[in-house]
Amino acid sequence: MSKKYEQLAQDIIETLGGKENIADAYHCQTRLRFKLVDEQKVDKDGLGELEGVATYLVNAGVHQVVIGTHVKDVFEEIEKKVDITAENEPSSEKKGIFNSIIEFVAGTFQPIIPALSGAGMVKAVLALLVVFKVVSVESQTYYLLNLFADGVFFFLPMILAFTVAQKLRCNPILAASVAAMMMHPNWGVLVTAGEPVKFFDLIPFTLATYTGSVIPILLIIFVQSYVEKFLNRVIPKSVELVFVPMLTFLIMGTLAFSVLGPIGSIIGGYLAAFFTFLSVNASWVPAVLIGGFLPIMVMFGLHNGVAPLGVMQMAELGYDSIFGPGCVCSNIAQATASAVVAFRTKDKKLKQLAVSGSITAYMGITEPTLYGVNLPKKYPLIAAMIGGGAGGLYAGLTNTHRFATGSSGLPAILLYIGDNSMAFFWNIVIALIISAVVSAVLTYVLSFKFEKEVTLPSVKEVILEDTTIANPIKGNVMPLSEVQDGAFASGALGKGFAIEPIEGKVIAPFNGKIAAIFPTKHAIGLVSDTGIELLIHVGLNTVELKGQYFDTLVESGQTVKKGQVILNFDLEKIREAGYETQVPVVITNTPQYSSIELITKGQLANSEEVLIVKV
């Protein structure tokens with residue numbers, strides 16, 4: 001299934017410095033993420049220019065290659081080629097406290113997003129079934145569907161323990177086991193009973209419930225990572241399999257119930273109070289900030305540190321008003337801005353990219369349209385930020401919140417059905433309409449300034465005439481059939497001749513204009529005053545050099561005189577790079593002529609007449 005991405009995967013690995021330079025690799029919904037041994041080996045320009053790569057970023061020491069929604073297929077090919085071992089440790093680098101926190105939070109919460117999304121959509125379906133009276137809240141079906149959805153949130157500490165342990169490089173099974181202690185039914189019985197609990201009649205255990213919590217388990221596994229590493233260091237290898245887990249459970253179980261868990265519960269309580277304060281006194285602030293500035297946060301990776309606040313709020317209060325409403329408003333605004341660009345632009349390639357990007361953005365995946373359309377064009381990004389902020393303002397003022405985490409596209413509106421009410425659903429729909437309308441109007445108005453109408457210049461009709469073409473490069477002139485490339489040699493691209501050059505200078509073989517210069521500078525198209533359309537292609541497969549060793553001296557559309565130097569190239573460097581230097585010279589409008597004849601061949605200076613073309 002992913003076989004077609006094999007070459008792209010190989011190119012990405014090579015531009016990252018080779019498979020030996022990759023210490024770790026993983027992916028999210030649209031990006032490949034790499035940790036490297038040596039950042040200096042990265043070919044940043046080459047990576048960003050690969051076909052199939054939207055853009056390349058570095059955030060908090062993680063090298064991000066934005067691919068799009070098919071990132072999983074590309075990653076499958078990456079996995080086949082890269083052997084990630086413990087020996088491939090990334091080079092030490094100073095990331096700063098802020099970047100380290102962002103990286104830790106992102107690495108902890110990103111792996112659980114699919115589970116939270118799936119559970120959230122089950123809750124949304126359940127809410128719809130209740131609203132439309134398909135099931136009742138007293139039925140067993142309601143009870144079981146609720147169980148399907150709540151399982152992830154109930155056992156969230158265990159899932160987080162696993163991902164935190166992976167991030168901190170300690171044993172994830174031991175971490176999940178410690179979390180399981182805190183969620184054991186017997187502990188729940190003690191909490192419900194309310195009687196003081198003392199371990200060995202000496203150490204007090206604070207009565208607190210940890211199901212569905214976030215902060216306590218983060219603190220506990222953070223400490224456990226150090227305890228476990230210490231035990232691995234001091235306990236003999238011959239018995240560590242038994243004694244490290246045993247001592248980890250005894251130490252961390254005691255610390256979890258007596259110190260770390262209670263501290264985490266207190267911090268969680270303060271967070272809940274803060275979220276409640278925002279909801280009551282400044283409910284519009286988070287939605288406006290996220291709705292307006294989410295694209296900037298995504299560019300710098302800051303959203304990875306903000307999104308978990310919504311998960312924490314949901315764990316504490318049962319809903320999310322911090323991240324969800326603003327995020328979905330921002331995504332719909334970006335999708336709409338991209339759709340307007342598709343409607344207004346005359347660039348066919350951009351139109352295609354904007355259409356596909358807007359579709360995925362409406363589904364909640366914005367990176368392709370952000371990096372491929374809105375950011376490069378700038379004006380749709382500005383319009384989307386204003387539109388997202390406007391929608392977020394409405395969502396905030398109406399205290400709109402979602403009852404489960406999940407997609408942040410159009411399907412996400414189902415997550416706003418809850419509390420036996422459709423009010424939040426209708427409010428988010430209105431907020432999204434505001435985001436879309438404001439973004440569409442602003443993008444459309446700005447497009448009149450930034451999307452210039454393409455007006456084709458009037459072209460004088462050219463009457464074809466018999467013409468003699470001069471040799472454009474000093475060297476050995478030969479029939480086109482001797483070129484070591486089947487497409488040129490067969491004449492499929494047109495008739496002409498070829499040159500084995502002895503100097504790196506190309507001249508105009510007639511009076512005319514430059515029709516096109518390839519971005520990689522290895523080929524130039526010309527049109528003579530008499531109507532001949534000519535392609536001069538320097539070397540074979542030299543497109544792979546990406547412009548290296550070539551220097552154009554003219555621009556597209558420029559008038560040139562016969563004998564004028566139009567291109568210089570480093571002949572020896574091209575040969576040293578392993579490329580064939582034969583130069584095909586082809587008349588691309590061959591069918592318009594009755595006869596194209598090579599009148600001389602062999603060693604010739606440039607400007608000598610070599611080809612006669614008859615109408």
Side-chain angles (χ1 to χ4, degrees), residues 462 464-545 547 550 552-554 556-558 560-569 571 574 579-615:
V462 175
L464 301 182
E465 301 176 9
D466 294 351
T467 306
T468 301
I469 295 176
N471 178 28
I473 305 174
K474 183 178 181 180
N476 184 42
V477 175
M478 64 186 76
L480 193 61
S481 59
E482 296 181 15
V483 173
Q484 297 177 26
D485 182 284
F488 286 113
S490 66
L493 302 177
K495 294 183 179 180
F497 60 99
I499 311 159
E500 183 60 64
I502 59 174
E503 70 174 13
K505 182 170 69 175
V506 181
I507 67 167
F510 44 58
N511 295 333
K513 284 187 177 182
I514 303 297
I517 300 175
F518 283 65
T520 48
K521 305 178 185 178
H522 72 291
I524 290 185
L526 302 94
V527 178
S528 73
D529 292 341
T530 57
I532 292 176
E533 298 173 9
L534 192 75
L535 172 67
I536 302 174
H537 192 288
V538 180
L540 304 179
N541 298 317
T542 46
V543 64
E544 297 172 0
L545 291 171
F550 293 93
T552 52
L553 305 178
V554 290
S556 182
Q558 180 178 333
V560 292
K561 295 292 185 181
K562 182 179 179 180
Q564 178 180 340
V565 181
I566 59 176
L567 172 68
N568 288 325
F569 59 94
L571 185 60
I574 295 173
Y579 291 89
E580 175 61 54
T581 55
Q582 289 180 331
V583 180
V585 181
V586 176
I587 296 174
T588 55
N589 60 336
T590 289
Q592 292 183 277
Y593 296 95
S594 62
S595 172
I596 297 175
E597 181 183 352
L598 183 64
I599 56 178
T600 185
K601 57 184 179 178
Q603 199 76 15
L604 296 175
N606 56 20
S607 77
E608 291 190 47
E609 295 181 348
V610 293
L611 198 71
I612 186 167
V613 181
K614 296 183 178 180
V615 179

Please check this pair: side chain of Asn471 against backbone of Ala605, looking for a donor-acceptor N/O pair closer than 3.5 Å. yes
How close do Asn568 and Lys505 get, counting heavy atoms only, and between which atoms? OD1-CG, 3.7 Å
With a 4.5 Å cut-off on side-chain heavy atoms, are Ser528 and Leu534 touching? no
For Val554 and Gln564, the nearest pair of non-hydrogen atoms, with its separation, is CG1-NE2, 3.9 Å
Does Gln582 reach the main-chain N or O of Ala498 with its side chain, forming a donor-acceptor pair under 3.5 Å? no
Nearest heavy-atom pair of Ala523 and Leu535: which atoms, and what distance? CB-CD1, 4.1 Å
N/O donor-acceptor pair under 3.5 Å between Glu482 side chain and Pro479 backbone: no
Once ring pair (Phe, Tyr, Trp, His ring centres under 6.0 Å) is applied, what residue pairs with a partner in residues 521-544 remain, sequence neighbours excluded? Phe488-His537, Phe518-His522, His522-His537
Between Ile473 and Pro501, which heavy-atom pair has the shortest distance, and what is it? CG2-CB, 3.6 Å
Smallest heavy-atom separation, Pro509 atom then Ile536 atom, equals CD-CD1, 4.4 Å
Taken to the nearest 0.5 Å, the spacing of Thr581 OG1 from Ile499 CD1 works out to 11.0 Å
The reported gap from CG in Leu604 to CG in Asn476 (rounded to nearest 0.5 angstrom) is 8.0 Å
Does Thr588 reach the main-chain N or O of Glu533 with its side chain, forming a donor-acceptor pair under 3.5 Å? yes
Can you spot which of Val560, Leu526, Val613 makes a side-chain contact (heavy atoms from CB on, under 4.5 Å) with Phe510? Leu526
So do Lys495 and Ile587 actually touch side chain to side chain, heavy atoms under 4.5 Å? no
If we only count heavy atoms from C-beta on, is the Thr520 to Leu545 side-chain gap below 4.5 Å? no
Lys562: side-chain contact (heavy atoms from CB on, under 4.5 Å) partners, not counting sequence neighbours: Ala470, Asn511, Glu609
Leu540 versus Pro584, closest heavy-atom pair with distance: CD2-CG, 4.0 Å
Taking atom CD1 of Ile574 and atom OG1 of Thr542, what is their separation to the nearest 0.5 Å? 6.5 Å
Validation row: Leu598, Val477 side chains within 4.5 angstrom (heavy atoms): yes
